[in-house]
Amino acid sequence: MHAYFDNAATTPLDPEVLDAMLPYLAQHYGNPSSLHGPGRQVRSAIEQARKTVAQLINAAPSEITFTSGGTEADNYAIFGSVRTLGLKHAITSPLEHHAVLHPLQALDKSGETKLSYLRHDAQGRLDLGHLEELLASHPRTFVSLMHGNNELGNLNDIKAIGDICARYDAVFHTDTVQTMGHYRHDVQQLSNHFLVGSAHKFHGPKGVGFLYRRGGVEVAPLIHGGSQERNVRSGTENVYGIVGLAKALEIACRDMAAHQRHVQALKDRFISQLAAGIEGVRFNGLSAEADQSLYTVLSVSLPPSSISEMLLFSLDINKVAASGGSACTSGAQLGSHVLEALGADPERPTVRLSMSKLNTEAEVDYAAAQLVKLYEPVAARA
């Protein structure tokens with residue numbers, strides 16, 4: 001058996017999505033900027049995809065910009081807002097994805113804006129009282145706080161955060177890469193100015209995402225060189241990727257309730273088996289709290305042992321694919337900035353198990369058994 005539990009890094013492509021993409025990989029090859037028939041046919045597919053995405057998050061089609069993925073969408077919102085709107089102060093948390101932290105840190109280093117970090121507790125809960133304090137002393141601020149943490153699984157209340165931002169006329173960007181396609185997003189019920197999606201996190205293709213930008217918020221392009229995407233994102237569009245993104249989001253929203261029930265049951269099964277089988281196991285952040293964390297992510301903190309450095313490799317050779325944290329830093333020797341911010345014990349290895357609708361109970365049982373087996377010799381020696 002091969003058990004794939006790294007879905008927070010990327011999900012397998014849904015067969016329905018592949019079927020939707022294939023015609024635009026083969027038969028429909030026109031450039032969407034061309035005025036002839038083949039070009040117009042492809043342009044129509046892009047605009048239909050834009051309408052689909054907009055309808056699914058209750059936005060206007062003009063508020064959707066297709067990008068190469070979540071990282072580009074985050075960068076566009078951050079650099080565009082600070083530079084175009086002249087925002088001299090920004091707020092984020094040290095728990096954000098590097099796609100948010102690194103652009104904001106670059107702007108802080110260049111002196112274009114001053115960056116403040118929101119306080120949080122040892123489980124990663126954000127201090128919204130501190131957010132209000134910072135906004136009260138820095139009017140017209142850029143705020144970037146994610147919806148679901150990619151390493152811990154913690155869920156932030158973006159409705160409450162948006163309401164606070166609205167009271168202080170702040171520009172609010174939320175990275176929803178881990179929650180898009182897994183939770184309902186209705187932008188008419190939120191006060192956010194920007195929201196982000198990446199297709200490969202919800203069984204779509206890699207290399208394509210989108211940015212929701214609330215109507216009336218004008219920011220400068222990040223990529224120059226053409227008039228594509230309504231003059232805000234130059235470059236020939238990734239047509240089959242865009243078609244695949246819209247189809248994947250449509251399927252995800254269609255099947256969301258069943259998907260959530262199935263995956264939450266798998267996560268609960270993991271928690272139960274690991275807690276029973278490994279003495280001293282813990283769960284990072286709010287990962288084990290069903291109502292406060294992503295149902296797709298479980299962050300497991302394991303006891304210190306001689307196998308710690310080889311843990312992911314040992315799982316891999318036993319055909320269990322998992323991550324030690326964010327996939328964007330996999331292969332690096334640096335530890336997780338998120339776990340470091342929480343003050344986690346550096347001697348305790350972490351395994352992130354992230355699940356999808358395609359996983360089964362048998363795979364959970366197998367992966368849990370492999371982890372327990374790796375720790376049996378440790379328990380015997382103790």
Side-chain angles (χ1 to χ4, degrees), residues 5-9 92-102 104-105 115 117-127 130 145-146 148-156 175 178 267 270-271 273-289 292-294 296-318 320-354 367-368 370-382:
F5 288 108
D6 201 17
N7 290 280
T92 190
S93 91
L95 311 178
E96 297 296 307
H97 193 282
H98 281 148
V100 166
L101 284 178
H102 287 175
L104 286 172
Q105 288 165 349
L115 181 59
Y117 293 98
L118 200 60
R119 290 193 297 260
H120 58 82
D121 67 13
Q123 281 71 49
R125 295 183 188 88
L126 300 182
D127 184 345
H130 187 216
L145 295 167
M146 62 178 22
N149 188 280
N150 54 299
E151 292 194 34
L152 302 174
N154 285 19
L155 282 171
N156 294 320
D175 182 330
Q178 288 294 336
K267 181 177 176 178
F270 254 135
I271 292 171
Q273 293 190 22
L274 295 177
I278 302 175
E279 185 176 353
V281 72
R282 301 175 193 161
F283 302 100
N284 294 308
L286 303 173
S287 189
E289 305 297 325
Q292 299 181 71
S293 69
L294 293 164
T296 52
V297 173
L298 181 64
S299 181
V300 186
S301 173
L302 295 157
S305 79
S306 59
I307 65 168
S308 294
E309 292 186 5
M310 298 294 289
L311 182 57
L312 291 180
F313 176 74
S314 298
L315 287 173
D316 187 41
I317 62 175
N318 285 290
V320 177
S323 170
S326 169
C328 299
T329 55
S330 61
Q333 296 304 308
L334 298 176
S336 161
H337 70 283
V338 173
L339 295 176
E340 183 179 353
L342 295 189
D345 183 349
E347 298 301 316
R348 292 180 66 92
T350 286
V351 173
R352 182 186 67 180
L353 300 163
S354 47
Q370 296 307 310
L371 265 171
V372 170
K373 190 163 106 177
L374 286 172
Y375 271 82
E376 282 175 346
V378 178
R381 286 197 298 273

>> Quick check: do Leu342 and Gln123 have side-chain heavy atoms less than 4.5 Å from each other?
In response: no
>> Could you tell me if the side chain of Arg352 sits less than 4.5 Å from the side chain of Asp6, heavy atoms only?
In response: yes
> Which distance, rounded to the nearest 0.5 Å, do you find between the CG of Leu126 and the CG of Asn156?
Replying inline: 4.0 Å
> Step by step, would you call Asp127 with Asp121 a side chain to side chain contact (heavy atoms under 4.5 Å, CB included)?
Replying inline: CA-CA 8 Å; Asp127 184 345; Asp121 67 13; over 6 Å; no
> Hey, does Val372 have a side-chain heavy atom less than 4.5 Å from the side chain of Gln273?
Replying inline: no
> Which distance, rounded to the nearest 0.5 Å, do you find between the OG of Ser323 and the CG of Leu315?
Replying inline: 11.0 Å
>> Looking at every non-hydrogen atom in both residues, tell me the closest pair between His130 and Tyr117 and how far apart they are.
In response: CE1-O, 3.4 Å
> What's the spacing between Ser305 OG and Glu347 CD if we round to 0.5 Å?
Replying inline: 10.5 Å
> Atom OG in Ser301, atom CD1 in Ile278: separation rounded to 0.5 Å?
Replying inline: 10.5 Å
> Considering all heavy atoms of both residues, which atom of Leu101 and which atom of Ser93 are nearest to each other, and what is their separation?
Replying inline: CD2-O, 3.4 Å
> Val100 versus Met146: any side-chain heavy-atom pair under 4.5 Å?
Replying inline: no
>> Quick check: do Leu312 and Val351 have side-chain heavy atoms less than 4.5 Å from each other?
In response: yes
> Taking side chain as C-beta onward, heavy atoms only, is Leu353 less than 4.5 Å from Leu274?
Replying inline: yes
>> Counting only heavy atoms not in Glu340 (residues, nucleotides, ligands), do more than 12 fall under 6.0 Å from its CD?
In response: no
> How many angstroms lie between atom CG of Asn284 and atom CG of Leu298, to the nearest 0.5 angstrom?
Replying inline: 9.0 Å
> So Ser336 and Glu151, side chain to side chain contact (heavy atoms under 4.5 Å, CB included) or not? Walk me through it.
Replying inline: CA-CA 9 Å; Ser336 161; Glu151 292 194 34; 2.5 Å; yes
>> Assess the residue pair Leu152 and Leu339 against the criterion (side chain to side chain contact (heavy atoms under 4.5 Å, CB included)); give the C-alpha distance rounded to whole Å, side-chain angles, the decisive distance to 0.1 Å, and a yes or no.
In response: CA-CA 8 Å; Leu152 302 174; Leu339 295 176; 3.9 Å; yes
> Within the distance-only criterion (no hydrogens, no angle test), does the side chain of Gln178 pair as donor or acceptor with the backbone N or O of Gly153 below 3.5 angstrom?
Replying inline: no
> Which heavy atom in Phe270 sits nearest to a heavy atom in Ala368, and how many Å separate them?
Replying inline: CE2-N, 3.8 Å
> Taking it one step at a time, do Thr296 and Asn7 satisfy side chain to side chain contact (heavy atoms under 4.5 Å, CB included)?
Replying inline: CA-CA 8 Å; Thr296 52; Asn7 290 280; over 6 Å; no
> So do the side chains of Leu302 and Leu374 get within less than 4.5 Å of each other, counting heavy atoms only?
Replying inline: no
>> A side-chain contact here means heavy atoms from C-beta on lying under 4.5 Å apart; do Lys267 and Ser293 qualify?
In response: yes
>> Just checking Arg282: does its CZ atom have more than 12 heavy atoms from other residues, nucleotides or ligands closer to it than 6.0 angstrom?
In response: no
> Which one of Asn318, Val281, Leu311 satisfies the side chain to side chain contact (heavy atoms under 4.5 Å, CB included) criterion with Leu371?
Replying inline: Leu311
> Once the angle between the rings of His98 and His337 is folded into 0 to 90°, is it parallel (under 30°), tilted (30 to 60°) or perpendicular (over 60°)?
Replying inline: parallel
>> Rounded to the nearest 0.5 Å, what separates atom OG in Ser314 from atom NZ in Lys373?
In response: 11.0 Å
>> Minimum heavy-atom separation for Glu279 and Pro303, please, with both atom names.
In response: O-CG, 3.2 Å
>> Between Tyr375 and Gly277 (side chain of the first, backbone of the second, donor and acceptor by atom type, cut-off under 3.5 Å), is there such a pair?
In response: no
> Between Ser287 and Ser299, which heavy-atom pair has the shortest distance, and what is it?
Replying inline: OG-N, 2.7 Å
